[in-house]
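The structure appears below as structure tokens.
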Amino acid sequence: MAFLSKAVQPWNPANLDAVVDEAAAFNREVGVAGVLLFDGVHFLQYLEGPEAGLDVAFARVQRSPHHLGPQELGRGRPGGRLVPDWPMRWLLADPTQLRRVINADWSAEGPVWGERPSSDDALGLLQAYLKPFVSTQSLT
């Protein structure tokens, strides 16, 4: 699942690290993995795992004082897990690239790892974006 929200301002990396550490601990409990892409204004959060875990994690975000107006983008399923070893991690994102992923089609199932992503497939674009940061062995 993926969702978009705005960050409560002002923010700083140390505070964001603490929030992400708390999210990682929670996600481990509910069997969810994920990544938070952040451009200084917007969060794009991608979560994967069992539906019940996703629902509980998203409900937690909706109550969070750190996210403004979280809205679900989609729940497509990739051909494999994208970030199975990350209970939660954040990456500073280029605003133009982040906007491209946000505005892509989140209704698609997504490519199998290693396939070339479509120019309008959100999961494929996310996979391509994450590729330099994630071991290819964990993306199967």
Side-chain angles (χ1 to χ4, degrees):
M1 100 175 279
F3 66 86
L4 173 67
S5 64
K6 278 191 152 184
V8 172
Q9 299 293 330
W11 73 276
N12 68 56
N15 288 349
L16 190 53
D17 285 341
V19 169
V20 168
D21 288 346
E22 288 175 22
F26 179 84
N27 289 352
R28 279 186 200 96
E29 291 178 22
V30 298
V32 170
V35 62
L36 180 76
L37 301 178
F38 182 52
D39 67 2
V41 176
H42 297 97
F43 292 123
L44 171 66
Q45 191 162 344
Y46 170 78
L47 301 172
E48 58 189 23
E51 284 296 318
L54 296 175
D55 291 341
V56 172
F58 186 57
R60 183 175 183 269
V61 168
Q62 289 175 308
R63 295 186 306 271
S64 170
H66 307 288
H67 293 270
L68 296 173
Q71 56 183 292
E72 187 173 320
L73 297 172
R75 289 190 182 229
R77 296 214 177 262
R81 294 194 69 175
L82 299 181
V83 291
D85 300 325
W86 295 359
M88 182 50 62
R89 181 172 172 186
W90 79 273
L91 301 171
L92 193 58
D94 172 74
T96 303
Q97 288 180 314
L98 185 62
R99 199 166 25 257
R100 186 170 176 227
V101 175
I102 289 167
N103 292 325
D105 180 9
W106 283 96
S107 65
E109 292 295 311
V112 173
W113 179 252
E115 288 182 4
R116 186 170 189 182
S118 162
S119 62
D120 61 352
D121 168 36
L123 284 169
L125 291 172
L126 181 63
Q127 174 184 302
Y129 192 90
L130 294 175
K131 191 172 185 177
F133 302 100
V134 179
S135 161
T136 56
Q137 294 170 349
S138 68
L139 290 162
T140 58

Please enumerate all residues that pass side chain to side chain contact (heavy atoms under 4.5 Å, CB included) together with A59, with sequence neighbours excluded. Q62, R63

Apply side chain to side chain contact (heavy atoms under 4.5 Å, CB included) to P13 and list each qualifying residue two or more places apart in sequence or on a separate chain. W11, W90

Could you check whether any side-chain heavy atom of L98 comes within less than 4.5 Å of a side-chain heavy atom of F43, counting everything from C-beta outward? no

Going by the rule side-chain hydrogen bond (donor to acceptor under 3.5 Å, both in side chains), which residues pair with H67 if we only count those two or more places apart in sequence or in a different chain? S5

List for me each residue that meets salt bridge (charged side-chain N to carboxylate O under 4.0 Å, His left out) alongside D55, sequence neighbours excluded, and say none if there are none. R75

Considering only heavy atoms from C-beta outward, does the side chain of Q45 approach that of M88 to under 4.5 Å? yes

Between F3 and E72, what is the shortest heavy-atom contact and its length? CB-CA, 3.8 Å

Is the backbone N or O of A24 less than 3.5 Å from a side-chain atom of W86, with the two atoms forming a donor-acceptor pair by type? no

Among residues at least two apart in sequence or on other chains, which ones pass side chain to side chain contact (heavy atoms under 4.5 Å, CB included) with Q97? D94, Y129

Nearest heavy-atom approach of N12 to A14 is OD1-N, 3.0 Å

Pairs where residues 24-38 contributes a residue and the test side chain to side chain donor-acceptor pair (under 3.5 Å) is met, not counting sequence neighbours: none

Below 4.5 Å, heavy atoms only, C-beta onward: do V134 and L82 meet side chain to side chain? no

With rounding to the nearest 0.5 angstrom, report the CD1 to CG distance, I102 to D39. 7.0 Å

Would V19 end up clustered with V56 when hydrophobic side chains under 4.5 Å apart are linked, directly or stepwise? no

Remaining members of hydrophobic cluster (4.5 Å side-chain criterion), V8: L68

Do L125 and F133 share a hydrophobic cluster, counting only Ile, Leu, Val, Met, Phe, Trp and Tyr and linking them when any side-chain heavy atoms are less than 4.5 Å apart? yes

Could you list the donor-acceptor pairs under 3.5 angstrom formed between side-chain atoms of residues 30-38 and any protein atom two or more places apart in sequence or on another chain?
none

Would you call P84 and E48 a side-chain contact if the rule is heavy atoms closer than 4.5 Å? yes

Quick one: which residue pairs count as a salt bridge (Lys or Arg N to Asp or Glu O under 4.0 Å) with a foot in residues 6-23, not counting sequence neighbours? none

Closest non-hydrogen atom pair, A57 against F26: CA-CE2, 3.8 Å

CG-CD distance between D121 and Q127, expressed to the nearest 0.5 angstrom: 8.5 Å

If you take all heavy atoms of V101 and W106, which pair is closest and at what distance? O-NE1, 3.2 Å

